[in-house]
Structures are given as structure tokens and as C-alpha cells.
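Here is the structure we will look at, set down as C-alpha cells.
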Amino acid sequence: MSTIPLGPVIDTSRAPASGARVVEPQLPQLLFTNTHHLCPGCGEPLAIRSLAEALEDLGLVHTAICALGIGCYTSFGGTVDVEIVQALHGRAPSLATGIKRMRPDATVFTLQGDGDMVNEGLQEVLHTAARGESVTCVLLNNGVFGETGGHMTATSVIGQRTKNTIDGRDAAYHGYPILIGDLIARLEGAAYVARGSVHNAGSVARTKKMLRRAFETQRNRAGFSFVEILTMCPTGWFIPTGEGPDYLSSTLGEVHLMGELKADGVIRTTEELHAENVRKAAELDAQLARGGIED
Amino acid sequence: MSTIPLGPVIDTSRAPASGARVVEPQLPQLLFTNTHHLCPGCGEPLAIRSLAEALEDLGLVHTAICALGIGCYTSFGGTVDVEIVQALHGRAPSLATGIKRMRPDATVFTLQGDGDMVNEGLQEVLHTAARGESVTCVLLNNGVFGETGGHMTATSVIGQRTKNTIDGRDAAYHGYPILIGDLIARLEGAAYVARGSVHNAGSVARTKKMLRRAFETQRNRAGFSFVEILTMCPTGWFIPTGEGPDYLSSTLGEVHLMGELKADGVIRTTEELHAENVRKAAELDAQLARGGIED
Amino acid sequence: MTTATPTRALMEGSEALVRAAILADCKFFAGYPMTPFTEVLEHFAALLPDVGGVCINAESELEAVGMAWGAVATGERAATGSTGQGIALMQESFSEATLAELPLVIFNMSRSQGDYFQATRGGGHGDYRHLVLAPQDVREGVRLVQLAFHLADKWRNPVMLYGDYLLAHTQEAVTVEKVDLPPLPPKDWGVDGTTSGTGRSRTVTSLGVAKPGARPFGQEGKAQYIATKMAYLEREVRSESGYCDDAETVIVAFGSPAKFVKYAIAQLRDEGLRVGYVRPITLWPFPTEAVHAAAQGARVVGSFEISSGQMVDDVRIAVAGAAPVEFIGGVSSDHSGFGLGRLLDVDEVRERIRALHEGRPQPPVPGYEEFAYEPLPHQLAATPEVTP
Amino acid sequence: MTTATPTRALMEGSEALVRAAILADCKFFAGYPMTPFTEVLEHFAALLPDVGGVCINAESELEAVGMAWGAVATGERAATGSTGQGIALMQESFSEATLAELPLVIFNMSRSQGDYFQATRGGGHGDYRHLVLAPQDVREGVRLVQLAFHLADKWRNPVMLYGDYLLAHTQEAVTVEKVDLPPLPPKDWGVDGTTSGTGRSRTVTSLGVAKPGARPFGQEGKAQYIATKMAYLEREVRSESGYCDDAETVIVAFGSPAKFVKYAIAQLRDEGLRVGYVRPITLWPFPTEAVHAAAQGARVVGSFEISSGQMVDDVRIAVAGAAPVEFIGGVSSDHSGFGLGRLLDVDEVRERIRALHEGRPQPPVPGYEEFAYEPLPHQLAATPEVTP
Amino acid sequence: MAEHELMLTGIGGQGVQLAAQVVARAATREGREVMFFGIYGGMMRGGNTDSTVVVADAPITAPPVVSRAWAAIAMHDEFWAPIEPKLRPGGLVLVNDSTFPHEITAPVTVIRLPATELAAGVGNPMGGTMVMAGALSALTGLVSLDSLIEGMHESIPSYRRQHIESNERALRAGFDAAPTDTGAPQARWATAEVPG
Amino acid sequence: MAEHELMLTGIGGQGVQLAAQVVARAATREGREVMFFGIYGGMMRGGNTDSTVVVADAPITAPPVVSRAWAAIAMHDEFWAPIEPKLRPGGLVLVNDSTFPHEITAPVTVIRLPATELAAGVGNPMGGTMVMAGALSALTGLVSLDSLIEGMHESIPSYRRQHIESNERALRAGFDAAPTDTGAPQARWATAEVPG
Amino acid sequence: MNTIVRSRGTVTIDVEACKGCELCVPACPPAVLTMSTPVNKKGYHYPELHPGCTGCAACLMVCPDYCFEVFRFEVPVETEVEA
Amino acid sequence: MNTIVRSRGTVTIDVEACKGCELCVPACPPAVLTMSTPVNKKGYHYPELHPGCTGCAACLMVCPDYCFEVFRFEVPVETEVEA
Ligand SMILES: Cc1ncc(C[n+]2csc(CCOP(=O)(O)OP(=O)(O)O)c2C)c(N)n1
Ligand SMILES: Cc1ncc(C[n+]2csc(CCOP(=O)(O)OP(=O)(O)O)c2C)c(N)n1
Ligand code: SF4
Ligand code: SF4
Ligand code: SF4
Ligand code: SF4
Ligand code: SF4
Ligand code: SF4
Ligand SMILES: [Mg+2]
Ligand SMILES: [Mg+2]
């Protein structure tokens, strides 16, 4: 990161009158508004933006149906311009199954949290994956039940702060986290499995690509596709908002390793993922420093 | 297998008057009776016998508590001399958790079928394993809901005959089987994971050893232990009883590979298991031909 | 036999109900085996693919109802089903499906009539109700299945078909033919993906969440909306009455057991006894007016149910003091616990009705006394007051 | 504060209930977060380890009730709990736990009173019932929690504590002290492993399966046994009545809302109006006799509930025509849908009672009209008959 | 009452349910109203197995489990006791003499046939119930022999096709073996004056 | 009616719930019967936040959500409207003049204090509600200043211990700033002749 | 030509418990079990033992109906058998 | 000594939507965003832009409240800045 001397504050209340073109609009086409009631520093809106953009990039906008889980992200049901079938807590993958079987040409995906998917509905997502159902499940994994106040979930990592593990999750008392992406990758019905994150711009860009590949997998009817996205929950982690990204990468991110866990039927090893992550991070940071991520 | 000329029929209605000692009693201590209502050729009673013997071998008889699932094996609740807490279909691992937390010195195990554990209760066993709960889950896997008439379950292998897949399970329509032992082995909370079978005497003997190691794991409070046992269900497979063992080894057995999938924290590869199975089978057959399995 | 050209055939109830569902354009089914519901699932699995439908052998009841929920949300006709315990697991979904206004049809092949409360009061949370249709036999089942799909769509509300072991397994010579029902408006709310990105993307939800431009219920508003909707559904009440005009004794009974009651009452009428019956066809809404009317001139009203007495609550509410109400049924299952038991015998039923009519105590339920609960000494002592 | 030496402290209802449970020797709890039940789980998690107990943050409600089931089967006192939807998921277990005679205690912190049916009729299958205790405030909650554990053990039957947002979150100055309750026999049925291999190994089951020597119920026998047992449980009925002797108008209300009703009635009495109340403390068994007695001299009986009218069924059954019964409550939640809403205001409640007393129509429920259901044209047309 | 209730009883493995099915399908083919319900005493061999078939010309009012029978086919006496009191006076019982030694005292017409032997005689040792069904047709005309044969064809699943011919022989053997001078309700259906 | 209902109202972030908690704990320490219920308009900053505390000498008969108040502490006027009609005639309202310009017309005694400024003056800019609680004590004697201070100690979670001292200063500042000649119900609790 | 067949062990068979599944027959390493011609009370054929048992217990291990008890002779028993 | 700072791009910031989480500040590669001293209507500090923006959109990608729109200049803008 270069450091240049700080000049005067520039007026950012309106677009430059001329001589400039929009690189990124404030909102993707599929978002009605930027008003939402999620907490400051929450990672979920970032994941949802990537999701919307991935659908737009692939021209799948008018085919999208979302089976929506129950968690903080649920309130986006009113602000994304996507058909929604609201699921009960944990049940979205089954809904997606029923929808897809009746509407095989639609792009059917779930949007769930870790509490929704890995606690209450663990069985649903695994069976749907094993069945090779041609749907995409998207997991926003913050390692807590954000909505109910930040309690530990089945994905909280050892040492993670949550409402009921203020001193960090303790394996002896609370058990071990489930690495859901890794489990799903082992199921034959799962064609594409990836884990992204939104703790910095590079990860956001990578995550969007993963979402695109997942939707392509569905378009090609190649089987079940799955994208897990690590998101910050400063509220449930009981930390200042600004510390969210670092806390994410040093706790959740160290255990739930980012990367494409399974693509074209091949499962990646931990070492492969690690190496790739180091390489990609450097590459993307360099691109950003040069002026933007090259698609 | 040697072939010797057949002599006259020997009276087997009573024990030899003298000059002989019992090598194996008709019933293990923990079975009240040999009367049960399971079908001819069913593999479940064989697995249950091994379970009873394993507890006896380890001297754990007066510590045993079974959380019993719902399937054909349920009727054994009345014929085994083991404390039983009858669970609802799928829920035994949670019951076992509650029991063990209140009775840490007891040997707490579940007895479940594939329908019970991998369909209705997939989530229960995975969460219990992830939590590293100090209980043993025992799965009788016949790849069907025997009790309700032999329908396909989440473990039925591709090509397997069941009531609703008389021409064999078809991946495109029904999806792929879940290799539950393999999944559980990947969970950090799981300390010991093995898959046995009862399709011949050698497998029965190996399975009993697995059960012993599982209960030892529990006794040592080393974490969650799991033994899956492949059992014949000629009724649900719609085949003659005598064909059960071969059908098992050529269908279920080829996919759900027998062996210790995880022991002392190490996960075995498919190749390792395969090689071991070939070696062990030959060894045990030789022992049997010589006059009995050496412990 | 194709469903297009109905022919007459001997078939078990489960098959007839399934064929009726397909005739009603049901395109999706998901279920999990459980006696005596299993065959409904089997017939759907066998027959739906032929008409371009899908039947999934779901991995559990929770997943079955979820899949059906998804299918219904697309605007296709879809159903699920189970038996007592499986239905219990689905209760959260039934309640919320009512809030989401989903025309889900539920095949409840119960093990007894002791699931009346489950069906009519639900185990779900909140002020929801769903219609419950209880056919007395296969012939009527074929018609009520079609009505169930119609009413579900008419009201955008779940509808349950309450059957039992006898309905599922009795074989009858039946013609599965179309029932005449009026057309319904197109389902302009079903999702198919095409309205995404248009500014008017559709939402099927039990929550108060709404897209810009849609009705912004909020949680409270949604609950009030549904509560007021339920009052309209009460119009769909249906029942059958017989011999009530001059009846001194009126029996209320539903489902297969009602056939025994009706048969027994015909015999008693032959003997000259003034007995009549009301048979609720909808369990919810309960035919309160029909029962109340029948009770007006009666000396006594009996509720015959194969349970320890559940519908009798609704009978009491309906009768509202116009006559004494007695429960004359009992718990009675076959030895497996899956079917209906020894009490279901026309002779037994007739003698119970006769006893009621003559003011005598009820004969014992077969097998009952043997297993009656014996309270322990400490249970006979009154528990002290703990509140001031 | 240790539980051994009760001191007086300001604490929220959830904490007081949990401390009372621990005082009653509850050793195990498992639950899954859900508003407004979450804090009950949190306090159990914080306090149980101190007394050598265990609280598990279960991965779902199904797992929570399963864990509690296992713990109860050992003979220890144990509990679980949730809110509407989570309770719905547990219904299969509640039903079967009743058959298995498990003294399970359930903390139902509901979002409204619209879960009355769920609590009293269950969504489980079959002829089971469990006791339901509904405290009006924290002070009473502390006592009823202890009673719940006592009754569960006394009868070997599940007992539900029905609370709500107000009970869970209101803070009161309370002393959590022991309630005097008689001793109970030892739990000679609980499993601990030691009876295995003795020929008399214990079995805790909802099925009719039995070991040699044990009572061989069979499925039918078990159902009959439990059905007859339920009749004894009805003895545990509890209620409170006030001003009923000369009341022309009797209001029935339970739980937190009953406190509003009682307060309003005291105001109306001050004005000289002859109004009284009955407050069921047990929702099941319902205080049928107390309500019937109060109704005898009354002109009208009102059921005030925060729902679209559920308990009113039981009121009607109890009154049995002795007086007209009117529902005077309504659906009213706070904006989140989790708490109780605008109708819960003493002024509102008082004017509803006054209107009933004076024979005037009920004032509108705040916010109600705005969201009332508007039937569509095709819904106003009668559905044709389909049965012959 | 123009509803004709037939009860069939025996032990598992004798083919009681199949015979009931065959009669029910035969009646269905003849355009009758038919109701058929089977009760098994468990999956195991040797348990009781009962079946009732009701045939009528108008929609059936009887419930599926009938408490009175116009006729019965008795294949085994082990679980016979509760059936006997259900016979309508003047009714008809066809007894498989080969497996049913027990005497029937109810006021009914009892026809005894060595059904198992007759079946064995036509090369179908398991076909005793088919023999009885054939005899029922001859004795009562409830359904015609042709309908029975067609009903049997429909009732045999595809993987059991090999049994069709021998079953047909058994049906015919029973039809032929039925006595013609019994005083039993012989009349053909259309003109039936059957008791009850 | 010897139940004293106090309502506190403001917007999120002003410390209304804490002040209610402190008063409730103070009354609990004094052996009173106490009931306290808070209502938040959502998690977001700037939403409404109300609280009611009822204090009595006998078990409280009022329900947790009271519809009449004997006294109120008004920290912000944004969500004040529904509160005003609930004041009992002759009651007392303490208004934070710093953030509540709105005029109160109800027939009650209104005491205006520049609470935010007073708090800032003792080095606790967020302590306006503490100032008001102190003033309430001085004006009504509902609870003593000492009890308030102790109640505040109990109410602060361990990781916020650093605020204890400045809160105490704010409580004292409010107690001292309360006018002594208001005609408000000054009497100490034991002899209280409070309205309603 | 006759052979001497040595039996190192023997078994008892609870024929009334047998359900005729035939699993024991191929399981017996020396192949000294065959199915009976008569049936038991439940109507099932059951296994019969011929000389040559080794007492290996394979039959017991695969019998779902717990029909076997297995013995080993202190001194093997010899039987003359027609080849 | 002053420096010339080139801005290849710029952004708009919806300050009233901002919840002051500060995620954008460290995300900006040239570090040209700082948090404001005043607060918005909700009471939050919000980011302010200084010269040197590259139009890389990193801020937009990490802002949970969708406050940014990103532009690139056809011709970079240069600002003289005190070092
Ligand atoms: C059956 C059921 N149980 C519990 C709840 C309560 N609940 C609502 S959201 C939630 C947690 C959601 O966690 P997660 O999916 O991780 O989403 P996040 O809030 O973290 O975004 C819970 C437990 C519920 N709605 N339904
Ligand atoms: C909630 C619920 N759903 C369905 C059933 C019906 N049911 C009983 S046993 C069984 C299948 C058991 O299969 P499995 O566990 O594999 O045992 P098996 O019969 O094969 O030994 C089913 C579906 C039930 N008892 N409970
Ligand atoms: S609680 Fe966590 S997940 Fe929920 S909105 Fe706040 S930060 Fe986001
Ligand atoms: S159905 Fe299958 S599992 Fe069940 S008893 Fe028969 S063979 Fe065994
Ligand atoms: S013990 Fe061995 S050798 Fe003897 S009969 Fe059994 S299997 Fe054969
Ligand atoms: S294995 Fe057992 S049940 Fe099967 S044939 Fe042999 S003895 Fe009989
Ligand atoms: S676009 Fe890039 S350089 Fe410009 S403000 Fe945003 S992050 Fe900084
Ligand atoms: S990331 Fe967005 S919400 Fe957060 S401080 Fe920056 S502009 Fe504000
Ligand atoms: Mg989460
Ligand atoms: Mg199975």
C-alpha cells in the first residue's frame, strides 16, 4: 500500500460533471436500495452484492429464484429484485429442490447463514448435494447466529469469541467446528464447491468469480454447486467494526480455508489451497494498487 | 474350502454327552432368547450378536446403555439384556448425548439403521460426532428401509435393487449414496471410525473387533466413535436369502468399503483399505479352514 | 390405465387417492415412508413421472414438506403427506405455509382418530388453520382429493386430507373421474424466475417482509391478515346428516369409523330406534351449525371416535348445552398399532349407540380394561398449592 | 448469589425461572436460540455448570429435545424449551415422551397467546396430553417452575411452562426460594447402565416393546394405558378466581395478559361494575369446573386472549350453554412479531370488558382493520358439492 | 340387504389374499360394486390371514371390516374361532377338508372339499384357494368362472406369470368339484335370493 | 394506589435503559417491590427506547406495561407523544432541557433540567439520564441517593467499570440541581402522598 | 472306496428356531452342512450336520437365528464315510 | 515541500447511508480515505476522499452499506498537496 500525502477533502456528494465514466455503479441492477438494517461493518451485504453481480454478469437475471433462509440476511428479501421463496430456518435446500424440479430452466439458489445451514439444516444441504440436485446453495458463514445475538454455531472455530464463548470456543466443552464446504466436496453429487470471503476487496472479487462458476455449473446441469462465503459479524464477535476483516482472516479464515475445494470433479488439498491463496492475494493486491482488479 | 465326502447326518439335537467343550455358546450373555421376528437371512441379528459379545469381552456389561433407533432392529429392544432408551426415528445420537452427559461412566451407544441415521437423522449423528461426544454410534447399514418395505435410503448404492428401484438405483434420478463413515471420519471430533460387515464369518469376526475398539475409545474418553456394519436385507433387496451375502459384497460392499477408516486420528485412503481387505479376508479364511478364528 | 380415460378398476384406496390427485393436475409429490401412508408415496412415485410430474422419495418428513413447499411456490399443484409422527414434524411448515398462503395439499394417512387435534388445532404456532377433509371411503376420497386441490388454490391455504389405514388399504371397484369444479384465477404469484430484475419480482413469504410496492405487512399485520382470512375459510364447512329429523339420539362420527356408525344406525332404525347421525366431512371448519341443529330436538348427543375423545370438544362447543354430550368411542388399534382396532365392528358400535340411547353405561372397549392405568399411591395425594 | 442461599434481587424473568429450575434440582438443559426464549438458554448455560449440571447449546430444536430426553431417561431432572416454531418441531417428541412416561419439563416462551392450541392440544399424534402451567408474572413463575418439575416427576409426564415475552423480559425484585412440595418415590426406572446384564435391564420406551418379565403392553395396550392415565392427570387443575360471587360478567384470561385483565377489573369494580375473572393457572387441564361455576350466575362470559380466539373453545366447553360466551381478545404483537402488542394496555383491556358488560360491540383491535383480509371475488362464490 | 359379504380365512402362505383379490376383480369385471379388505397377522409365515370381499349392485354401505358374512371360505382352522359367529344363519361355508378338520356347528350350509388335494391333482399344490374360489362360483354364482379366470390373470404380478396356467386349472377343478345338490344358495347373481 | 409508576423515554444511545435499571435496583435494595420493563424500537441507533419502573410496598398488581404514570423522565421529544396522555394528573415530569425543546401541556408538574450540560460539567457527557435519576431522588424520595449510587454500581457490567465514578458524579449533580421549591411531590417515600 | 473323516468339533442346531435362510451352508469351511428335506414346524428346511466339523464356529457367526452351539472334542472323532 | 498528486478516478459517497464501520479506509490502496470529524444524521462518522484516487473500486467492494459509486477520469486530475 503506497502512502501519499493527504490533500484536501474532495466533494464526493455528486458525480463529476464531465470527463469521467462510471466504473462501478453504486448499486447492482438487482438491488432496489442501499437501505438495510444490518449492523455497521456486517459482511453479509457484501456477499449479497457479489451474488447479484454474478447473476448479472452471466445474464441470468430474469431466471433467478432464491430460496431464502432465516438470519440477518433475511431482511434482504425486501430489497433484492429477485424472486424469493422464503424458507423456514434450515429448510431452504429442500425448497430449492422442489422449485428446481418444477422450473428446470430457472437459476435456483439458496441464501443461508451458518446457523441456518450448518446447525438447523445440516441434513438438508447434505442430502440435496448427495442427490446431485441442480441448484446452487450459498452460505454466508460468520460463525455465529447473528440474528439472535451472536451465539456459537457449528462452524465457529476454536478460540472464536461469540456470545456464549466470550473467551473463545473451547473444543473440550463445545466440540469442533464443521467445515461444511469440505464435507460437501466429498459427496459425489456435488460438482462445484468453493469457499470465498469478503474480508477485503481481493476476496470479494474472487468470491464473485466463484459465484459465477457455481451458476455456470447449474446452467450446464452438471450437478450440485455450493459457495460458502465468510462474512464479518462484528456484533456477534463482540469486536469493533474496523477489526472485523482481520479477525475474520485470523480466526474463521484460518480454519475454513478459502478456495475452490472441488471443481470439475477434483478435490483440492489443503496445501494446494493455501499456496493458491497466498499467490492470489498478492496478485489481486498488486492489481488493486495498479488501479483495479482485472476481470 | 475343502470338499470332503458327506457322511451320515449327525444328531445335533443335544450337546455331546462328554469329551467336548463349548467353544461358542448358543447365545451371548446379553441376549435373552433367540426368538425374534426378523426375516430369514437378515444380517441385523448377526451385528447385534457381535455388539453383545464386544461388550462382554471388554467387561462393560454392567455399564451399557443403548439409545435405540427405529427400524427392524428395534424389536431387539425386548430381547437384549441391555438398558434401553428408545429413541424416535433418527434421534438416537441426541439421546445418547443427554444420557452420557448425565452418566459419564456408562458405556453409551446408539443402534440405528441407515434409514434412521443417514436419512431421518443425518444431522444428529454428524453434530454428535463434530461435538466429539464421548459416545459410540453403531449403524446397521443395509441400504434400505427394511421395516417399511424395502425402499431406497441415502446409502443405497448405484444399481442396488430396492422396492422403489427394482431395476437398480439410478444416479441421474435418485442421486448418489452418502458414505457416512467416510464423512464422519473427516470430522475432528470423531476419534475412531470403522466399517464392518456380516456377510461372512471373517467379516463378522473383524466387525466384532471394530466394536471393541470403538468401546475402548469411549472408555478412554478419546472422543466420538463410530462403527458402521453392512447387513443383508434379502427382503428389501427382493432376492433369495441365500444370495444375500454375495449381493452385499458385490453392491454395498464395493462402495461402502470395509475397514478402519480412522483410528488414532489417522484417516485411511481407499487404496489402503482395499489392500487390507484382500489380505485380511485371505488370512481369516485360512484361519477358519484351519479350525477357527484366532483372537 | 391412463388417467385421461378413466376406467373402472379394483384398486386400493391409496392408489385411487393418488390417481385422483393426478387427475386434479398434481405435478409434484414428496414423502417419506411410514405405515399406513407408505403406499400413497409408492403410487405417486409410480404414476407421477408418466404425466410429466415428479415424485421424490425425500430423506425425511422435514425435507418432504420443504420440497413440496418449493414446488407449490412455483404455482404448480403439489402435495406431501405422512402419518402422525411425520405429520408432527411438519407442523412448523403447515403453520408457516398458511401464513405464506401456500395451497399445499397434505395426505395424512393416520394410524387412528387420535390425531384429530393434530389435524384441526395443529401443533404449529399461531393463529393459523387449514382445511381438513375426512373421506369415509375410497369412493368419497377420490372426490375429496380433487376438492382438496381446488380449495387449496381457491383460498391459497393448505388443505389436509385425513384418512386412515382402512381408507389407504381397502380396495374398491372405482372409477377415478373428474369432479366438476369452477375455474380459478391464474396464479399470478408463482415464481418462475422471469420477474426477477423487473422491479416487480415475486415473493412468497410467511413473513411481513415485502418488496417496494407490495403490501408492507410487517409481522403483526401479517398475523392479523391471516387471522381475519381464517374467518372466510369457515364457509367451506361440509357435513352429511342422516335420520336427524326425529332423532332422540344423535351420533357424530367422521372418516372410516363413520361408515360403521351409519351402518349400525341403519340397523337400529330397522329396530325402530330413533337415532340419527351427523358426519363432519370437513373436520375444520367443524359443522357446528349442523350438529347444533341436530342436537336441538335430541335427548343426547354422542361422539363416536377411535381415540380417547378429541372431536367431542368440537361437538360440545357446537351443542352448547342444548343436550348432554357423551363420548362413546375409545382407543382401539390393531396389534401393530398402525391400523384401527377391535372397537371397529358394527356389532360393537351398534351396542354402544344402543347403550347411549337407553341411558345405560357404555360397554367396555375391547381390550381396554386389561391395560387401564393404575395410579400409584403418591399420585392419589393432592399436590399442595404453591401460589399464594 | 448462589442458589443455596436465596437473596432478593432484581432479575429478568428468564433468569428467575432458570434459578428456580436449578433450585428444583434441574441438572440438564438443552436449547436452541429463538426470541423470546433465548435468554432462558443463556441463563441455563451460565448457571448450570456451577451446580455440576450441563447445558448444551444444541444444534437445533430437534436435537435439543432429544438431548433432554436422554438426560431425563437417566432419572435426572432435565428440561428443554423454545418458542412457537421450535416447539412445533418438538411436537413429535412431546407426544412420544408422554407415551414413554418421561418427566420432561418444557420452557415455552411463546411469542403470543396464539400458541394455546399448540400447548394444550399438541401437534403430536395420538391421545396424549401434557400439563401446561401459565404463570402470570415472574413471582408466580418462580413457584410454578418448581411445581412443573414436581408434577413431571409425580406423574412421569411432560409438563410445559407457557410464558411469553413479558414474562421472559420483565425484571422484578424476587427471592428465588424453595417451594414446599412433598417427597416423591425414587426413580427406579432411570437408566445408568448397572442393570444391564442382570436379567432386569431397564427400558424407557414409548413403544409397547418390553423385556421378559416387564408388562407386555403391545402398541394398542400402551395407547390405552396412556389414555386412561390422562384422566388422572386432570386432577392437577389449578386456577384463580376473583370477584366472581356476584359477577354479571366473567372474564377468563391467562398468563401475563391476565394481569392486565385483573388490573382493569379492579378499576371497573371501583366504578361499581359487577365484573369478575377466572384465571386458569393450568391450561391443561383446563379449569372447567371453576369456569362453569363462575358462569352459573353470569350474564355473559368473555375470553380475553392475545390471539384470534383459541382458549375460547375451552371456555365454551366449560360454560356448556350456561351463559353466552364471547371472545374479546385479538391478534396483537409488537412490531417485531416477537412480543405482545398494543392491545395489551390496561385502558384498552378495560374498555373491552366494559363493552362486553354493557352489551356493546367490541372496540377495534389497535391496528387490526388496516390489515383485515379482503376476500377475492372467486372466494365469495360457494364451492359446489362434490359428494353425492 | 343386497350386499354379499364373503370372508376368507387361513394361515399365511395359503394364498388367501390372492383368492380374495381374484374374486374381487372378477366381480369388478362384472360391473358390481366391490369392496375388499385384507388383514394379516404379521409378515411371518404361519400367521393368520383374513380377507373380506363385499359385492353389491348399489354403492356399498357396509364398512370395510364386516361383522356378518353371507359366505366364507375356510382354509385352515387355526384362526377360525372368531369367524364362525359372524356367519349369517343360512349362510354358506366352503371348507378345505385337507387342512380344516374342525367341525362347524353354526346354522349354515357347510360344503367340504379336499381343495389341497384337488389342486395337487391339477399340478398346483399351492392352489387350494383357487379351487375354493372356483367352487364358490359354481355354488353361488356370485361371479362367473370366466370372470374368475380373468380376475386371476389381472391379479398375478408380471414376475409370477408362470403360475397362471396352473391357477386356471385349479379354478376349473374347484368349479367342477362343487356338488350340485346341496341346498346351498345356488341361484345365479341376477336372481339371487341369498340370505341376509 | 400505592404503586408508583415511573416512565423513562428517549432515543437509543441516551442511556434510558441503564437509568431505569439503576432506579429499579436502588428500589430493590431498599426492600421495595419492583417491576421493570424496557421496550426498544430495534437495535439501530436513534430508535425509540422506553422503560417503565413500578415501585410499591406490597406485591405489584400492575402489569409490566403500564398505561398510567405517576412520574416520567423525558430525555428526548421524538417519541414523546404517546407518553404524555399516560401521565396521571398532578404527576411529575422531569425533562432534559438539553434535548427536549417540546412543550408539555398535560396537567402535571414539569421540572426542566439541562441534564446533558450538567453531566458534561462533571465530565460525563453521556450521563444525562444519571443526572435525571439523581434529580428524581431529590424531588420525590422514591429512592435515596445512596441507593441509586449502589444500584448504579450493580448495573454496570464488569468491562465498563471505568464509567462508575463519572456516573456517580452525574447522579450527585442531578440530586443537587433539583429545585427544592417546586410544589412537586417532594415527600419522602414512607409518608408519600403522591397522586393516584 | 471309503474315507475316514475326522471331526474335531460338533454343533447343536436349534432346528425349530431355524428360518431356512441357508446362510450357514456355504459358510461352513469343510462344507459339512446341508439343508434338510423335511421342514420344521414353521415350514422351513433346516441344516443337517455331517462328519467333518472342525468346531470353527463359522456357522454360528453367520446364523441370524442363533441356532448353533459349537463344541470342540477333546479327542477328534473319526467316521468312516463312503466317498 | 508540495507534491503533485494524480487522481485517476474519484468516488461519490452517500454519507447519510454510511454507518461508520471504517472498512473502506484500510481497503483503499492509495490510502486516500479518512474518517470525518462531524457525524451524519444517524450519528456516524463517514469517510472523506482526498486526492489520489485510482478508481480501483476497492472501497465500493468492501462497503456494506453501498455508499460508493466509482468513476474513472478520461484525463487524470492533478492536485498540489502539502507533503
Ligand atoms: C426453527 C427456528 N429456530 C430458531 C429460530 C431463531 N433464529 C432466527 S435467525 C437465527 C440464527 C440465524 O443464524 P445464521 O443463519 O447464521 O444467520 P446470521 O444471523 O448469522 O446472519 C435463529 C436461531 C427460527 N427462526 N426458527
Ligand atoms: C418420523 C418417522 N418417520 C417414519 C417412520 C417410519 N419408519 C419406521 S422404521 C423406518 C425405516 C427404518 O429403516 P432403517 O433404519 O434402515 O432400519 P431397517 O428397517 O432397514 O433395519 C421408517 C421409515 C417413523 N417411525 N418415524
Ligand atoms: S448481527 Fe452480525 S450478521 Fe447480523 S447484521 Fe449484525 S453484523 Fe451482520
Ligand atoms: S426387512 Fe430386511 S432388515 Fe428387516 S428384518 Fe427383514 S431382512 Fe432384516
Ligand atoms: S463349526 Fe465350522 S465346521 Fe462345524 S459345522 Fe460349523 S462351520 Fe462347519
Ligand atoms: S443360518 Fe441359521 S437360520 Fe439360516 S438356515 Fe442355517 S440354521 Fe437356519
Ligand atoms: S476507488 Fe480505490 S482509490 Fe478510490 S477511494 Fe476507492 S479504494 Fe480508494
Ligand atoms: S465502508 Fe461504507 S459504511 Fe463503512 S465507513 Fe466506509 S462508507 Fe461508511
Ligand atoms: Mg451466521
Ligand atoms: Mg436399513
Side-chain angles (χ1 to χ4, degrees), chain C residues 84-85 87-89 91-92 95 114-115 117-118 121-127 140 143 147 151 154-155 179 181 184-185 217-221 223-225 227-230 232 236 281 307-308 313 316-317 320-322 331 333 335-337 341 367-368 371-373 375 378-379 383-384 386-387, chain D residues 84-85 87-89 91-92 95 114-115 117-118 121-127 140 143 147 151 154-155 179 181 184-185 217-221 223-225 227-230 232 236 281 307-308 313 316-317 320-322 331 333 335-337 341 367-368 371-373 375 378-379 383-384 386-387:
Chain C
Q85 285 154 284
I87 294 284
L89 288 169
Q91 294 288 14
E92 185 199 12
S95 162
D115 300 348
F117 281 151
Q118 185 187 46
R121 305 298 198 275
H125 45 291
D127 284 292
E140 188 175 85
R143 306 180 72 82
L147 181 65
L151 291 175
K154 176 174 177 184
W155 291 104
V179 166
L181 289 163
L184 292 170
F217 283 112
Q219 293 269 30
E220 183 183 16
Q224 293 178 338
Y225 169 83
T228 47
K229 176 178 176 182
M230 294 301 113
Y232 292 99
E236 299 292 354
I281 295 173
S307 74
S308 72
D313 274 14
R316 290 218 162 89
I317 293 168
V331 172
S333 62
H335 56 94
S336 71
Y368 218 89
F371 291 108
Y373 186 77
H378 75 278
Q379 291 173 330
T383 312
V386 300
T387 45
Chain D
Q85 285 154 284
I87 293 284
L89 287 169
Q91 294 288 14
E92 186 200 12
S95 161
D115 301 347
F117 281 150
Q118 185 187 45
R121 305 298 198 277
H125 46 291
D127 284 292
E140 189 176 85
R143 307 181 71 82
L147 181 65
L151 290 176
K154 176 174 177 184
W155 291 104
V179 166
L181 288 163
L184 292 170
F217 283 112
Q219 293 268 28
E220 183 183 16
Q224 293 179 338
Y225 169 84
T228 47
K229 176 177 176 180
M230 295 301 114
Y232 292 99
E236 299 292 355
I281 295 173
S307 74
S308 72
D313 274 13
R316 289 217 163 91
I317 293 168
V331 171
S333 62
H335 56 93
S336 71
Y368 218 89
F371 291 108
Y373 186 78
H378 75 276
Q379 292 172 330
T383 312
V386 300
T387 46

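Protein chains get the first letters and strands the later ones, always in sequence-line order, with residue 1 at the start of each. Bear in mind the structure is a predicted one, so any value in this text is a computation, not a measurement.
Ranked by heavy-atom pairs under 4.5 Å with chain D, the first of C:Q85, C:M230, C:R143 is C:Q85. Contacts with chain D were tallied for C:I317, C:D127, C:D115; C:D127 has the most, counting heavy-atom pairs under 4.5 Å. The candidate from C:S95, C:A227, C:P185 with the greatest count of non-hydrogen atom pairs under 4.5 Å with chain D is C:P185. For chain D, the option among C:G218, C:G124, C:A322 with the highest count of heavy-atom pairs below 4.5 Å is C:G124. Residue with the most contacts toward chain D among C:G321, C:G84, C:G114: C:G114 (heavy-atom pairs, distance under 4.5 Å). Contacts with chain C were tallied for D:R316, D:Q118, D:E140; D:Q118 has the most, counting heavy-atom pairs under 4.5 Å.
Residue C:L147 touches chain D through its side chain alone, counting heavy-atom pairs closer than 4.5 Å. The parts of D:Q379 that come within reach of chain C are both its backbone and its side chain, each placing non-hydrogen atoms under 4.5 angstrom from that chain. With a threshold of 4.5 angstrom between heavy atoms, C:V179 approaches chain D through side-chain atoms but not through N, CA, C or O. With a 4.5 Å cut-off on non-hydrogen atoms, C:T387 touches chain D through its backbone and its side chain both.
Residues satisfying the side-chain hydrogen bond (donor to acceptor under 3.5 Å, both in side chains) test with D:R121, not counting sequence neighbours, are C:D313, D:D314. Checked against side-chain hydrogen bond (donor to acceptor under 3.5 Å, both in side chains), D:T383 has the following partners two or more places apart in sequence or in another chain: C:K154, C:E236.
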### Query
Between C:H378 and D:L184, is a side chain to side chain contact (heavy atoms under 4.5 Å, CB included) present by the stated rule, with each step listed?
CA-CA 7 Å; C:H378 75 278; D:L184 292 170; 3.7 Å; yes
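The two residues D:G123 and C:Q91 make their nearest non-hydrogen contact at O-NE2, 3.3 Å. When all heavy atoms of C:E220 and D:S333 are compared, the closest pair comes out as CD-O, 2.9 Å. Residues D:A223 and C:V331 approach most closely at CB-CG1, 3.7 Å, considering heavy atoms.
A parallel orientation is assigned to the rings of C:W155 and C:Y232, their planes being inclined by less than 30° (bins at 30° and 60°).
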